[in-house]
Amino acid sequence: MQFIKEYLSETNQIINQLNLQQIEHSIDLLVQTRRKEGRLFILGIGGSAANASHAVNDFRKIANIQAYAPTDNVSELTARINDEGWSSTFVKWLEISRLTANDLLFILSVGGGNLEKNISPNLVTALHYAKVIGTKIIGIIGRDGGYTATVADACIIIPTPNSLNTTPHAEAFQAIIWHLMVSHPKLKIEQTKWESVAIT
């Protein structure tokens, strides 16, 4: 019972410490991308890859933004890992997708990428490529945000009240925040199913 109380207490602390301005700025960049008919590319690894897939669905279906995640195509992803190496998987996918300055790169990550520690190098190379192209970048990141925080136009860093629970909190709050985004009046276009059903 003690762990449950502590974990939920940490969750409350995170909510109270979130940077609301960074969330709002991210929403504004998403609105701009849709207005310019740009595409949204969502990158994540591990649990964040699963979140990226879910987020792609929500941004497409609810916010009418053309969204994609490279990890949704396991055949291409594993072929690139096998043939070209892990660090170039995302950047090669973005090159083939003809990434432009009208598009938006959305990073979901616990650490944000760190080349020195060889953590998520494929995120770092993708971010570097996006900066060269002039693509705007947003992120929902844990810990200190890593490389993502240094280059993103808007970066929501999930506070770390307990370093032992960094990953579960970061990945859980990715879902909370992107659901907030697609539900925001600036972005939401299509009604979600249960909200459209009258309660009798």
Side-chain angles (χ1 to χ4, degrees), residues 1-33 40 42-63 65 67 69 71 104-114 117 119-120 123-124 127 136-197 199:
M1 187 64 72
Q2 184 61 30
F3 176 82
I4 295 171
K5 290 179 179 178
E6 290 176 357
Y7 190 94
L8 293 176
S9 174
E10 292 163 13
T11 302
N12 280 328
Q13 292 176 56
I14 292 169
I15 289 171
N16 291 327
Q17 293 173 26
L18 286 172
N19 188 321
L20 305 188
Q21 287 74 31
Q22 289 297 310
I23 296 173
E24 185 171 42
H25 187 34
S26 298
I27 291 169
D28 289 339
L29 288 170
L30 285 158
V31 170
Q32 291 172 24
T33 300
L40 175 63
I42 308 179
L43 309 186
I45 303 164
S48 297
N51 281 344
S53 184
H54 185 161
V56 162
N57 167 69
D58 287 353
F59 281 105
R60 292 177 70 90
K61 190 171 184 296
I62 300 170
I65 296 175
T71 45
L104 181 64
L105 197 64
F106 193 168
I107 306 297
L108 301 178
S109 175
V110 175
N114 186 315
K117 297 180 180 178
I119 300 173
S120 306
L123 289 181
V124 176
L127 286 162
K136 297 291 186 183
I137 300 165
I138 63 176
I140 305 174
I141 313 297
R143 301 188 65 171
D144 62 358
Y147 185 68
T148 301
T150 67
V151 297
D153 297 279
C155 189
I156 302 144
I157 298 177
I158 307 305
T160 308
N162 180 355
S163 60
L164 296 177
N165 293 325
T166 299
T167 298
H169 283 312
E171 292 182 345
F173 271 87
Q174 290 170 6
I176 290 171
I177 294 168
W178 99 64
H179 279 107
L180 181 159
M181 290 173 170
V182 298
S183 301
H184 195 283
K186 289 182 180 179
L187 277 175
K188 185 175 181 178
I189 291 178
E190 303 294 338
Q191 185 60 275
T192 43
K193 184 65 177 179
W194 284 105
E195 287 72 14
S196 68
V197 176
I199 299 174

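The residues of the chain are indexed from 1 along the displayed sequence.
Scanning all heavy atoms of the two residues, the minimum distance from V110 to I141 falls at O-CG2, 4.0 Å. Shown here for L104 and I137, the closest heavy-atom pair between the two residues is CD1-N, 4.0 Å. Between F59 and A67, the shortest heavy-atom distance links the atoms CB-CB, 4.2 Å. Heavy atoms only, all atoms of each residue included: T71 and G44 are closest at CG2-O, 3.6 Å. In terms of heavy-atom proximity, Q13 sits nearest to P161 at OE1-CB, 3.5 Å. Between A170 and G142, the shortest heavy-atom distance links the atoms CB-CA, 4.0 Å.
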Given W194 and T192, is the side-chain contact (heavy atoms from CB on, under 4.5 Å) satisfied, shown in steps?
CA-CA 6 Å; W194 284 105; T192 43; over 6 Å; no

Quick one: do I176 and I15 satisfy side-chain contact (heavy atoms from CB on, under 4.5 Å)? Show the steps, please.
CA-CA 10 Å; I176 290 171; I15 289 171; 5.8 Å; no

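Taking SG from C155 and CG from D144, the interatomic distance works out to 9.5 Å, rounded to the nearest 0.5 Å. One finds the CD1 atom of I23 at 5.0 Å from the CD1 atom of I156 (value rounded to the nearest 0.5 Å). From H54, atom NE2 reaches atom CD of Q174 across 12.0 Å, with rounding to the nearest 0.5 Å. Distance check, rounded to the nearest 0.5 Å: CD1 of I27 to NE2 of H184 gives 4.5 Å. Rounding to the nearest 0.5 angstrom, the gap separating the OG atom in S163 from the NE2 atom in H169 is 10.5 Å. Summarising the geometry, atom CG belonging to D58 is positioned 12.5 Å from atom CD belonging to E190; distances are rounded to the nearest 0.5 Å.
Side-chain N or O atoms of S9 include none that pairs as donor or acceptor with a backbone N or O of K5 at under 3.5 Å. For the pair S53 (side chain) and A50 (backbone), a donor-acceptor distance under 3.5 Å is absent.
For the pair L43 and L127, the minimum side-chain heavy-atom distance is 4.5 Å or more. S120 is not listed as a side-chain neighbour of N114, based on a closest heavy-atom distance of 4.5 Å or more. Within the 4.5 Å cutoff, no side-chain heavy atoms of T33 are placed close to those of K136. You'll find the side chain of F173 reaches within 4.5 Å of the side chain of T11, heavy atoms only. By the 4.5 Å heavy-atom criterion applied to side chains, E10 and N165 are counted as neighbours. Residues W178 and L30 are not in side-chain contact: their nearest non-hydrogen atoms beyond the backbone lie 4.5 Å or more apart. Within the 4.5 Å cutoff, the side chain of I140 has heavy atoms near those of the I158 side chain.
Annotation: K186, atom NZ; neighbour count of heavy atoms from other residues, nucleotides and ligands within 6.0 Å is above 12.
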